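Quick note: numbers below take in every heavy atom, side chains included, and nothing from hydrogens, waters or symmetry partners. Order of listing sets the numbers, starting from 1, for every ligand and every atom in it. In this text the structure is predicted, and so the values were computed from the model without any measurement.
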Amino acid sequence: MTAFERIVILTGAGLSAESGLATFRDKDGIWAKYDLSELATPEGFARNPARVHEFYNQRRRGLRSVAPNAAHQALARLERGHRGEVTIVTQNIDALHEAAGSTRLIHMHGELLKALCARCEARHPWHEDLSLDVACPACGRAGGMRPDVVWFGEWPYRMEEIQDLLRQADLFVSIGTSGTVYPAAGFVREARAAGARTLELNLEPSEGASLFAGAIHGPATRIVPAWVDALLEDAR
Ligand code: APR
């Protein structure tokens with residue numbers, strides 16, 4: 001296999017599943033239990049901010065008891081060991097890539113451990129519960145603090161940077177995502193149009209499986225370390 005210069009890796013909830021964090025669309029997933037229109041849209045937040053804050057407060061508290069799994073660790077090892085550039089674009093709002101040591105990382109859907117003030121647009125690291133009563137550390141005003149996560153109907157973060165990465169990639173790998181939510185679900189088309197090899201690593205074929213040149217199916221903690229080891233071996 002040729003050594004790839006610029007690898008772009010898109011990750012989704014399936015990567016954190018074996019760390020104990022629920023996915024969204026599996027049969028026991030988050031959207032099977034909760035109504036996303038109430039909890040993951042600006043309209044839902046405007047209607048009932050306390051309910052949305054409680055939903056994210058529970059998930060933020062849940063991050064205290066989870067750790068990166070072998071797949072997160074393998075991707076950090078790839079970034080350290082690969083001669084070329086490895087950039088992770090994650091849809092996940094947990095901090096497990098960072099905890100595993102990845103540094104070239106874009107959180108396109110935001111981060112659960114950050115808060116955003118809708119009044120002054122300041123962002124703050126945030127590990128505690130959040131509510132509208134909390135005053136923004138920057139502007140001092142309450143009533144505008146929300147989780148710094150991208151809701152349905154909002155535009156993901158750092159998209160221009162991501163589009164540049166996809167245009168220059170020679171390998172695009174999608175790991176642990178159902179390929180159902182745009183714009184992330186369309187990244188494989190952009191990478192392929194730019195001439196990148198494309199590979200899907202997932203428990204089972206995703207909605208976008210037919211768009212990939214290659215696929216490896218199985219649990220992330222098994223298939224991601226094996227794929228990283230083979231890639232690093234080939235590049236030796
Ligand atoms: N190993 C590998 N893949 C897995 C595992 C596992 N242990 N467990 C589940 N998967 C796969 C599932 O087969 C599924 O294809 O991970 C994928 C998870 O899909 P979703 O639950 O739809 O999560 P994701 O694709 O990240 O959702 C995208 O939708 O709700 C929004 O903003 C939210 O970022 C999220 C976006």
**Report entry** Under 3.5 Å: donor-acceptor pair, side chain of Asp148, backbone of Glu111
**Finding:**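 Not confirmed, Asp148 side chain does not pair with Glu111 backbone.
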Can you give me every donor-acceptor pair (side chain of residues 21-30, partner residue at least two apart or in another chain, under 3.5 Å) with its distance?
from  : atom 1 : to    : atom 2 : distance (Å)
Thr23 : OG1    : Asp26 : OD2    : 2.7

Could you list, one pair per line, each nitrogen or oxygen of ligand 1 together with any protein nitrogen or oxygen closer than 3.5 Å, giving atom names and the distance rounded to 0.1 Å?
from     : atom 1 : to     : atom 2 : distance (Å)
ligand 1 : 1 (N)  : Ala220 : N      : 2.9
ligand 1 : 3 (N)  : Leu203 : N      : 3.1
ligand 1 : 7 (N)  : Glu18  : OE2    : 2.9
ligand 1 : 13 (O) : Asn202 : ND2    : 3.4
ligand 1 : 13 (O) : Glu204 : OE2    : 3.2
ligand 1 : 15 (O) : Asn202 : ND2    : 3.0
ligand 1 : 16 (O) : Gly176 : O      : 3.3
ligand 1 : 19 (O) : Ser178 : N      : 3.3
ligand 1 : 21 (O) : Phe24  : N      : 2.7
ligand 1 : 21 (O) : Arg25  : N      : 2.7
ligand 1 : 22 (O) : Arg25  : NH1    : 2.7
ligand 1 : 22 (O) : Ser178 : OG     : 2.6
ligand 1 : 25 (O) : Thr177 : OG1    : 2.6
ligand 1 : 25 (O) : Ser178 : N      : 2.9
ligand 1 : 25 (O) : Ser178 : OG     : 3.4
ligand 1 : 26 (O) : Ala13  : N      : 2.8
ligand 1 : 27 (O) : Arg25  : NH1    : 3.1
ligand 1 : 29 (O) : Arg25  : NH1    : 3.1
ligand 1 : 29 (O) : Arg25  : NH2    : 3.1
ligand 1 : 30 (O) : Arg25  : NH2    : 3.2
ligand 1 : 30 (O) : Trp31  : NE1    : 2.8
ligand 1 : 32 (O) : His109 : ND1    : 3.3
ligand 1 : 34 (O) : Gln91  : O      : 3.2
ligand 1 : 34 (O) : His109 : ND1    : 2.9

Query raised in the report: Is it the case that Glu18 and His72 place a side-chain donor and acceptor less than 3.5 Å from each other?
Result: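 The answer is no; no qualifying pair exists.
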Query raised in the report: Can you find a side-chain donor-acceptor pair between Thr90 and Thr11 that sits under 3.5 Å?
Result: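 There is such a pair (donor and acceptor under 3.5 Å, judged by atom type) between the side chains of Thr90 and Thr11.
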Report task. Tell me whether the centres of the aromatic rings in Phe45 and His53 are closer together than 6.0 Å. Result ->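 Yes.
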Query raised in the report: Do Arg60 and Glu128 meet the salt-bridge criterion of a basic N to acidic O distance under 4.0 Å?
Result: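 Salt bridge: no.
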